[in-house]
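Just the heavy atoms: all of them, side chains too, but no hydrogens, waters or symmetry mates, feed the values below.
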Amino acid sequence: MRTLAGILACIATMASLATAQDTASRSGVVDPVVAAEKSPSATLEGSRAGEERVFEIAPGVKMLFCWCPPGEFLMGSPPSEKGRDNREDQAKVTLSKGFWISQTEVTQSQWAAVMGSNPLDGIGPYGKPHPEKNRGPNLPVVGVSWEDAQVFMDKVNAALGNEDGGKMSLPTEAQYEYAARAGETGMYPGGSLDEVAWHDGNSGGYPKPVGTKTANAWGLHDMNGSAWEWVQDCYSQELPGGTDPIAKEGGLDRVIRGGCWFKEATRCRLATRSYRWQGARECFSIGVRIVRNSWPVEVSKPAIDPAINGGNVSKITYQGSSSEQSIEQTGPRLWTSEELVYNEVKRNEWNVHLQRATEEDERVQIDLSQLTIHRRGQGPKEVLPILSATSQLSAAAEAAIEQARLSSAESSDDQADQQMTNSLGMKLVPIAKGKLQMGSLFREEGYRLAEQRHEVTLTRDYYLGAFEVTQAQFLKLMGTNPSQFQGDQIDNADSSNHPVDRVSWEDAVEFCNRLSALPEEKAAGRVYRLPTEAEWEHACRAGSHAPFSFGGLELSDDHAWFASNGQGKSHPVGKKDPNAWGLHDMHGNVMEWCSDWAGDYPEGAVSDPTGPKEGSSRMIRGGAWLTPAMLGRSGDRAFHFPPETRSDYVGFRVALSFPEIP
């Protein structure tokens, strides 16, 4: 018979074991006895929101993950939310299973450990090394495509094994927003963005190490701002709702979430969503975050197939009578007005010169009526940007491509030779007449109805100032410098080469009149003026159909002063790289007055447009030191002011009609 002391000792031992097991469960440490009684997938289940657990993604490389329990939430944003767009209509979502999600974005060192290299160690999209400030072991990896992320996950899963039944993957869009919200129903975690996110108002224009901002309620860092993040879903205008939703159909565009370090605050909201083509590597603001699920994840990798219906071109084929005549183009591209218009010119010379080559060699002529268009499942007809194309080109065609490239280079040199400097020391660049697609594609981020794309023909050559008019030039001619950014506003630095600001449209016109009246200018027959809006955009685009003149989808720090790097002030002109036609600061520094009254674009194709005959405000084009990147797009028309308005972010540059120069 057992003694009372023995019974009490047994009870104490059992209680101690239960307490230890409970403590282990709550701390994320799995008791081996308990684990043996569970199914493999059950060992992956956490016990509370925000519980932490470490997983190894490569030999010796560990990542910290946080547990997100099953639950329901309202995905998207209400109509009253500031900065929302129409692809955020709310949908009720139920996540029936919990999941682990990495506490931070994958870093450059972690990516290199798995993949063998860091994409930021190579040459950037503009033929230059990536800035040192963009590279670092603890900075988020960017410049990786959705497809690259799938390869990354395959490598991680191969090293991980499947003893516990779990697999690493990208989060679904629903998982991402659920984890980002962590129970929050407002715009930002805890109602404040600066504490949790790097964005254009606090990043200084460069990425920052992961995990340096406050975590959300579930312990996750950088779910807002820092870098955009790929998710698993195909893009759809409508948010996926229901139980464990994932958009697996829809083509080759994939959703990105979270915003990034050079986006304005309203583009880093919890409901913010955008998309890119799944093969896009050239977006050096998109990274990845890992989810570990306790169930297999079906990854959608849609093939390019003739049976796909919809509006977006993803493959173009032309079957000629011989292999040399046959053309195959794979990947999204711009498709407008029944003709191929190529984008991202610096990244794919084959695309740039294909049409010229076909004019030289009949064996590679493209008969548009014989093209087979393989369309993607949804979305509008215009698509940005490109994947490299393949073709069986003859030697003659290859020679024609090279000749076209050389001719283009010679043309740029000729243009440089024709530049002129006037008696005030202002450098002007010749702009050749021609056609342009003025306005924006409605898939462009920041597109406005006032930017409807239409064909414009400019029938006369003209000159345009290589730089914005400087404070020194304005002072010399006008006898005054009205600019905000001088003296103690710029720490008493020399402001003479800063663009003049706080000038009205009327001031700018008077400057042009006085410049034209200078003896040397008058003797030469030079009559200066403000550019028309069409002339301004033609010169800004410099032949590009992309949102920015250098062929990119996002504004680079190399090309403009804008909110992310402007430091709250203007900067000396010409410090950023020029566009292809030699013009500086077209996308930023200060906005620029144009001659046109503000108004809607005309319907259809037009020649030499000058805007409405009357109005109450004048057009202003280009970005500025305080505006977000998307307001610096070539086609952006966000601003027009009454002609008497003076602002510290508005200046101008001068134009000169070509025929008036002897």
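Side-chain N/O atoms of Asn86 and Gln237 include a donor and acceptor closer than 3.5 Å.
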Next item on the list: Let me see the working for Val141 and Phe152 under side-chain contact (heavy atoms from CB on, under 4.5 Å), right down to the final yes or no.
Entry: CA-CA 12 Å; Val141 70; Phe152 178 88; over 6 Å; no

Checklist line | Test log, rule side chain to side chain donor-acceptor pair (under 3.5 Å), inputs Asp244 and Ser96 | finding: CA-CA 7 Å; Asp244 301 324; Ser96 65; 2.5 Å; yes

Checklist line | Check against side-chain contact (heavy atoms from CB on, under 4.5 Å), Gln150 and Gln232 | finding: CA-CA 9 Å; Gln150 302 307 316; Gln232 203 69 270; 3.1 Å; yes

Notebook entry, point to check: Can Tyr188 and Glu195 be said to form a side-chain contact (heavy atoms from CB on, under 4.5 Å), step by step?
Noted result: CA-CA 10 Å; Tyr188 307 121; Glu195 293 182 4; over 6 Å; no

Next item on the list: Dump the intermediate steps for side-chain contact (heavy atoms from CB on, under 4.5 Å) on Lys167 and Val156, then the final yes or no.
Entry: CA-CA 9 Å; Lys167 290 291 184 183; Val156 170; over 6 Å; no

Next item on the list: Apply the test salt bridge (Lys or Arg N to Asp or Glu O under 4.0 Å) to residues Asp89 and Arg84: give CA-CA distance (whole Å), side-chain angles for both, the deciding distance (0.1 Å), then the verdict.
Entry: CA-CA 9 Å; Asp89 291 346; Arg84 80 181 301 272; 3.2 Å; yes

Next item on the list: Assess whether side chain to side chain donor-acceptor pair (under 3.5 Å) is satisfied between Gln175 and Asn293, documenting all intermediate values.
Entry: CA-CA 11 Å; Gln175 285 178 325; Asn293 295 299; 3.0 Å; yes

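For the pair Glu88 and Arg269, the salt-bridge criterion is met [side-chain N within less than 4.0 Å of a carboxylate O]. Ionic pairing of Arg257 and Glu173 is present here: one or more N-O contacts between side-chain nitrogen and carboxylate oxygen are shorter than 4.0 angstrom.
Between Thr172 and Val231 the shortest side-chain heavy-atom distance does not fall below 4.5 Å. When side chains are defined from C-beta on, Asp222 counts as touching Arg289, because their heavy atoms get closer than 4.5 Å. In this structure the side chain of Arg87 reaches within 4.5 angstrom of the side chain of Tyr235, judged on heavy atoms. Residues Leu270 and Glu184 form a side-chain contact, since some pair of their non-hydrogen atoms from C-beta on lies under 4.5 Å apart. Using a 4.5 Å heavy-atom cutoff, the side chains of Val93 and Leu95 are in contact. Using a 4.5 Å heavy-atom cutoff, the side chains of Pro207 and Asn134 are in contact. His587 is listed as a side-chain neighbour of Cys540, based on a closest heavy-atom distance under 4.5 Å.
In this structure, the separation between CZ on Arg254 and CH2 on Trp146 is 3.5 Å, given to the nearest 0.5 Å. Here the CZ-CH2 distance, from Arg292 to Trp67, works out to 11.5 Å after rounding to the nearest 0.5 Å. Taking CZ from Arg48 and SG from Cys66, the interatomic distance works out to 9.0 Å, rounded to the nearest 0.5 Å. The CZ atom of Arg135 sits 7.5 Å away from the CG atom of Leu120 when rounded to the nearest 0.5 Å. Expressed to the nearest 0.5 Å, how far CG of Asp148 lies from CE of Met115 amounts to 6.0 Å. In this structure, CD on Glu45 lies 11.0 Å from CD on Glu51, to the nearest 0.5 angstrom.
For the side-chain contact (heavy atoms from CB on, under 4.5 Å) with Arg267, the qualifying choice from Asn224, Thr272, Asp200 is Thr272, the only one to do so.
Looking at every heavy atom in both residues, Leu220 comes nearest to Ser102 through CD2-O, 3.7 Å. Contact between Val288 and Ala149 at its shortest, heavy atoms only, is CG1-CB, 3.7 Å. Cys268 and Cys260 make their closest contact through SG-O, 3.7 Å (heavy atoms, listed as atom of the first residue, atom of the second, distance). Smallest separation of non-hydrogen atoms from Asp194 and His199: OD1-NE2, 2.5 Å. What you find for Glu72 and Tyr178 is that their closest heavy atoms are O-CE1, 4.4 Å. For the residue pair Glu105 and Met63, the shortest heavy atom distance occurs at O-CE, 4.5 Å.
Ring-centre distance between Phe562 and Trp625: not below the 6.0 Å cut-off.
Residue pairs meeting the side-chain hydrogen bond (donor to acceptor under 3.5 Å, both in side chains) criterion with at least one member in residues 208-219, sequence neighbours excluded: Trp198-Thr212.
Taking the centre and axis of the six-membered ring of Tyr176, the NZ or CZ atom of Arg181 falls outside the cone set by 45° and 6.0 Å.
In terms of the salt bridge (Lys or Arg N to Asp or Glu O under 4.0 Å) criterion, residue partners of Asp636 (sequence neighbours excluded) are, by chain and number, Arg448, Arg633.
Aromatic ring orientation, Phe55 versus Trp100: perpendicular (interplanar angle above 60°, classes split at 30° and 60°).
No donor-acceptor pair closer than 3.5 Å links the side chain of Asn138 to the backbone N or O of Pro209.
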